[in-house]
There are 2 protein chains.
Amino acid sequence: MKLADLAAMAGVSTATVSRALSGHPSVSKTTQERIRALAREHGVRPNQLARNLRLRSTGAIALAMPLGHARTQHLTDPFFLSLLGFLADLLVDRGYDILLSRVLPENDEWLDRLVDSGRVDGVLLVGQSDQYDTIERVAARYAPLVVWGVNRPGQRHLTIGSDNIRGGGIAATHLLGLGRQRLLFLGDPAPPEFAERLAGFRDAAGATAVEVLSCEMDPDAVHAAVRARLAAGTAPDAIFAASDVAAMSALRALTEAGLDVPGDVAVIGYDDVTLAAHTSPPLTTIRQDLVTGTRLMVETLLRRIAGETATSAIVPPELIVRASA
Amino acid sequence: MKLADLAAMAGVSTATVSRALSGHPSVSKTTQERIRALAREHGVRPNQLARNLRLRSTGAIALAMPLGHARTQHLTDPFFLSLLGFLADLLVDRGYDILLSRVLPENDEWLDRLVDSGRVDGVLLVGQSDQYDTIERVAARYAPLVVWGVNRPGQRHLTIGSDNIRGGGIAATHLLGLGRQRLLFLGDPAPPEFAERLAGFRDAAGATAVEVLSCEMDPDAVHAAVRARLAAGTAPDAIFAASDVAAMSALRALTEAGLDVPGDVAVIGYDDVTLAAHTSPPLTTIRQDLVTGTRLMVETLLRRIAGETATSAIVPPELIVRASA
DNA sequence: GCGCGCCTTGCAAACGATTGCAGAGCTGCT
DNA sequence: AGCAGCTCTGCAATCGTTTGCAAGGCGCGC
């Protein structure tokens, strides 16, 4: 049932109906009441699509995770899911809906399509993956875009993220403090955030060599990689995993190989997902403060939507010492 | 940049541009190529809103969780989040976007607004909460609506869900088999799925009395409720929690009270969320098969969108025995 | 009695796409 | 030459709102 139908029934124009329903002051109290009552009675609900088209605003925010590197990584990834959960709560509280969008960057148009589709008022991206240049290009012409990820010097697009270099450094320092000497970085060093974690790790390791075990971030792939590595020769005595999920796969592979954690091998993860506190042994990890981070993302985005200025921000990572290292 | 602009540049009508971009056979190869090239060069991307309005289809599915009972329950709830993850993967694979929608049922219009907004081609609901009647009413006039929840005799709306009565029964049987006598059901018995779990539990308990500790499903509330109950008098020797999250809160309260699980009190949860395997002790629980469940939801919904018939379905629950009971 | 201003309401133009129908131009056949 | 038939393109309506502008009706003051 559309406004025009109601207008016909009420014997007025659709213009009047529209104004009555939106409480426009220029329509008389009596007509307003009459139309309101009629609308309730017949269950009239304006088509949002038409409304959005006319108003050029939608009340929706797009949320996407570019899966450039890890095609196999799914939305079921715990880190993404909890980020999503926090963001969803915050946005819903502010009256926005969330468009969870399809992103498989087969070409460099995906982000253009998203921002130009007219379906959303702003875009939130989780991770830059291998799409840094695309994001940079689009951000130059489209303001309401905020990314969870790394911030490089001279970067144009707004990011909120944890200090990955620092986080990597903290991990290395902690492991060295435990007297570990054969350090191994586990994960895909290609995505920017992981690259920074590795860089910070190497930096703080100083003279101590860092072995890199590069693999896809999918749990089975990580598990297989670690198992192969353990079969290949002298085990490391410390593993710094690029994510908690990777760390958990490592834990499993180590246990299966009969190695004790942290006795034989210390393991440290990244993210502090909810699960990390419950693995056995409980995972020592570098926490990303998602409560603060997601709040900043939403605030920054809303500021940009309102046409105000905003800046990137970095939330400090924190070492959470549990039992695995 | 809209089609009309491109049309002006190319010296043709917007009609031709539209047809060229959509590969309509009635526009000549040469014009098609020329317009395509021009479009690429100037980054023309059709406004989806206008397109959807005209076509009366959107390529998006709404996903919502009515929070009638548990106002405090957030989207960060692990069960909802993993359901969301599975659904998102499935829908995205089929080319649909997901509109994660604001649902706070302050009145009984929320679902009408969602289906009449024109923004989605179909609606997926997680849980019926206290909105059973509303859902029933809307389903009578709106076909593409599928709900995760309970199925009652004579129900009109399509549901996919696990057999909660059976699940409750399995829990009771297992606990009685362990020789437990003082059974306690923990959770809010109001939402239909929880009510059924309790009913099945009671039924299978037979002559053995079942105490009900009713509380909000928010973790802190559950924890407080269990603590108060333990302080109040003789502890139960078995707890059946309405969800894994509630079970985990119970675990914490029991440990704090110096009780051993499962020595003093056996604990059994519901859902088998990822976390359940990693609590200490690992949680015995009733698994809901989400892989099958979500696949059925999506298939059923797509069938309804296509105008075909479809029926409700029930996936069997399964007892996962770990260490807590 | 007339004109001014106020209160309501309606007309019609947006918003930006898609598509049925008609017509323009061309070829080819008789 | 004339006409049928085919290929391509454009006109204009349509989807369902919102809103600037203008106008109708009415009261009131002079």
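Atoms considered below: every heavy atom in the structure, side chains included; atoms not considered: hydrogens, waters and symmetry mates.
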What is the distance from [atom1] of [X] to [atom2] of [N], rounded to the nearest Å?
X	N	atom1	atom2	answer
N47(A)	dT17(D)	CG	C1'	8 Å
L53(B)	dT14(D)	CG	P	14 Å
R51(B)	dC15(D)	CZ	C1'	13 Å
N52(B)	dC15(D)	CG	P	16 Å
L3(B)	dG10(D)	CG	C1'	15 Å
M1(A)	dT17(D)	CE	P	11 Å
D116(B)	dT17(D)	CG	C1'	15 Å

(request) Taking the side chain as every heavy atom from C-beta outward, state whether R137(B) and D112(B) have any atom pair closer than 4.5 Å. (result) yes

(request) Could you tell me whether the side chain of M297(A) reaches within less than 4.5 Å of the side chain of L124(A), counting heavy atoms only? (result) yes

(message) Just checking R295(A): does its CZ atom have more than 12 heavy atoms from other residues, nucleotides or ligands closer to it than 6.0 angstrom?
(response) no

(message) Under 4.0 Å, heavy atoms only, any strand: does L55(A) hit a base, just the sugar-phosphate, or nothing?
(response) sugar-phosphate

(message) Applying a 4.0 Å non-hydrogen cut-off, can you work out what R56(B) is touching in the nucleic acid: base, sugar-phosphate, or nothing?
(response) sugar-phosphate

(message) Please list, in numerical order, the residues of residues 14-35 of chain A that have a heavy atom closer than 4.0 Å to any atom of DNA chain D.
(response) A15(A), S18(A), R19(A)

(request) Answer yes if the side chains of N151(A) and S312(A) hold a donor-acceptor pair under 3.5 Å, and no otherwise. (result) yes

(request) Apply the test salt bridge (charged side-chain N to carboxylate O under 4.0 Å, His left out) to residues R141(B) and D116(B): give CA-CA distance (whole Å), side-chain angles for both, the deciding distance (0.1 Å), then the verdict. (result) CA-CA 11 Å; R141(B) 66 175 180 88; D116(B) 291 332; 3.0 Å; yes

(request) Look at the aromatic rings of F79(A) and W148(A) and report parallel, tilted or perpendicular, splitting at 30° and 60°. (result) tilted

(message) On DNA chain D, compare the nucleotides closest to G11(B) and R54(A); which residue's is nearer the 5' end?
(response) G11(B)

